[in-house]
Amino acid sequence: MTLDVIGLAGFNYTFDALNENATPNELNQAFSTIFHSGSNQRTMMLLRIISPLFRYIRTSRDTVAEQAQVVMGRIGKELLSSSKAAVAQSEKEISDRSLRSRNLLSLLVRANTAPGIPESHRLQDEDVLAQIPTFLVAGHETTSTATTWGLFALAQEAEIQSKLREELWSVETDTPSMDELNALPYLDRVVRETLRVHSPVPAIGRVATVDDEIPLSQPVTDVNGDVHHSIRIRKGQNVMIPISAVNLYKPIWGEDAEEFKPDRWLSPPQASSAIPGVWSNQMTFIGGPRACIGYRFSLVEMKALLFVLIRAFTFELAVPADEIIKKASIVQRPLLKNNPEAGNMLPMLIKPYTRI
Ligand code: HEM
């Protein structure tokens, strides 16, 4: 569903991902080939990060991935040229700006072709094209995985699930607007708590561009007994930002940091306000100039998904919770502890909910 959403909202492109009877979608297939790497491929990816020499060793998957990239490039060019044509036509024919097409690509094309900006500030076609896979990757599995973990948490907390359902049924329409969804306080707390406890991206890398010294809030004693008040990093050094660890850090969140308690957001701990995240005192969407630019989009998308699912169904886990483990390859997804080879899954008992 999130692939369909980002396809339409991003590029006016129909993936039809939920339609099992549809002819397999060319872009969807190319996309899965590139991003759903097996464990061998992940090992090769890591080796290539550690030593560029490994980039000279080609695998059979490299050939498949290159073919998929050709498909992606071709479809991207088609989308870009039809978007340019549509924008040019709508500029001429539709004077009311609110009625013009407003997907991400057309907004980008419109901004990029606007009169009055210096030529040197315009993006080249290849730069515009590069946004397509970026948004598809960044805006698809992150939100679907976040919602999956939300259902995982709710499936274990029957009371929280029914309280949420009550709030959702208090809305009089089946198709609430973005503002109506954002006005639901309990749904908002459930989403905040899901993204804190089950951050879809558990850690992210950065590279230091200058030598620097990172101050520590509390001194650390190393194995030699030396006390440090800061950590020195060198230019070029890789730095891992431990998103989940900050979101679950007991000195900030308290002894129950790992528990799913939406009501903690009624008065979040004072210490959490020092976390430099772009949203909700947490690191889930990271912070600073390269923070997630799609977070508002993903929050309302998650709310819309939960609105529909929790109103229509009840969710219970079909296996004990400790049989579900998290496996991260950028995004962390659920797997069965006893059968990881079976791939990502979250077995649940889903029953239609009948409102009396
Ligand atoms: C729960 C859902 C999401 C999570 C947890 C998430 C998390 C993140 C994180 C941690 C980053 C930083 C990555 C890095 O710097 O290496 C990021 C970047 C980004 N995200 Fe999201 N994201 C989510 C949904 C979305 C959606 C729905 C979109 C698009 C509509 C999106 C678009 C982007 C883009 C374009 C970037 C790159 C920004 C830049 O480098 O300047 N994300 N996201």
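Residue indices begin at 1 and follow the sequence shown. Here the structure is a predicted model, which is why all the values come from computation and not from measurement.
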Check: Do Y13 and D4 get their side chains close enough for a donor-acceptor pair, meaning under 3.5 Å?
Finding: no
Margin query: Once you measure the plane-to-plane angle for F11 and F135, does it fall in the parallel (<30°), tilted (30-60°) or perpendicular (>60°) bin?
Written below: perpendicular
Next item on the list: Would you please classify the geometry between the W149 ring and the H198 ring as parallel, tilted or perpendicular, with 30° and 60° separating the classes?
Entry: parallel
Note to self: I'd like to check V191 versus K303 (side-chain heavy atoms, cut-off strictly below 4.5 Å). Are they in contact?
What the structure shows: yes
Margin query: Which heavy atom of V227 sits nearest to which heavy atom of P219, and what is that distance?
Written below: CG1-CB, 3.7 Å
Margin query: Strictly below 4.0 Å, N to O, side chains only: are E193 and R189 in salt-bridge contact?
Written below: no
Note to self: Tell me whether S298 contacts the main-chain N or O of Y295 through its side chain, where contact means a donor paired with an acceptor under 3.5 Å.
What the structure shows: yes
Notebook entry, point to check: Is a side-chain donor-acceptor pair under 3.5 Å present for S106 with N12?
Noted result: no
Note to self: Main chain of L80, side chain of S83: is a donor-acceptor contact present, judged purely on distance under 3.5 Å?
What the structure shows: no
Check: Do R311 and Y353 come within less than 4.5 Å of each other through their side chains, counting heavy atoms only?
Finding: no
Check: Are F315 and Q161 close enough that some pair of their side-chain heavy atoms sits under 4.5 Å apart?
Finding: yes
Checklist line | Q270 atom CD: more than 12 heavy-atom contacts under 6.0 Å | finding: no
Check: Is the closest basic N to carboxylate O distance between R122 and D127 below 4.0 Å?
Finding: no
Note to self: What I'd like to find out is whether the side chain of K77 reaches to under 4.5 Å of the side chain of L129, using heavy atoms alone.
What the structure shows: yes
Notebook entry, point to check: So, N247 versus S199: side-chain donor-acceptor pair below 3.5 Å or not?
Noted result: yes
Notebook entry, point to check: Step by step, would you call T23 with D16 a side chain to side chain contact (heavy atoms under 4.5 Å, CB included)?
Noted result: CA-CA 9 Å; T23 332; D16 216 0; over 6 Å; no
Notebook entry, point to check: So, are K337 and E323 salt-bridged, with charged N and O less than 4.0 Å apart?
Noted result: no
Check: Is a salt bridge present between R296 and E301, judged by a nitrogen-to-oxygen distance below 4.0 Å?
Finding: no
Item checked: Ion pair E259/R264, N-O distance below 4.0 Å -> no
Notebook entry, point to check: Looking only at atom types and distance, does a side-chain atom of W265 sit under 3.5 Å from a main-chain N or O of V190, one as donor and one as acceptor?
Noted result: no
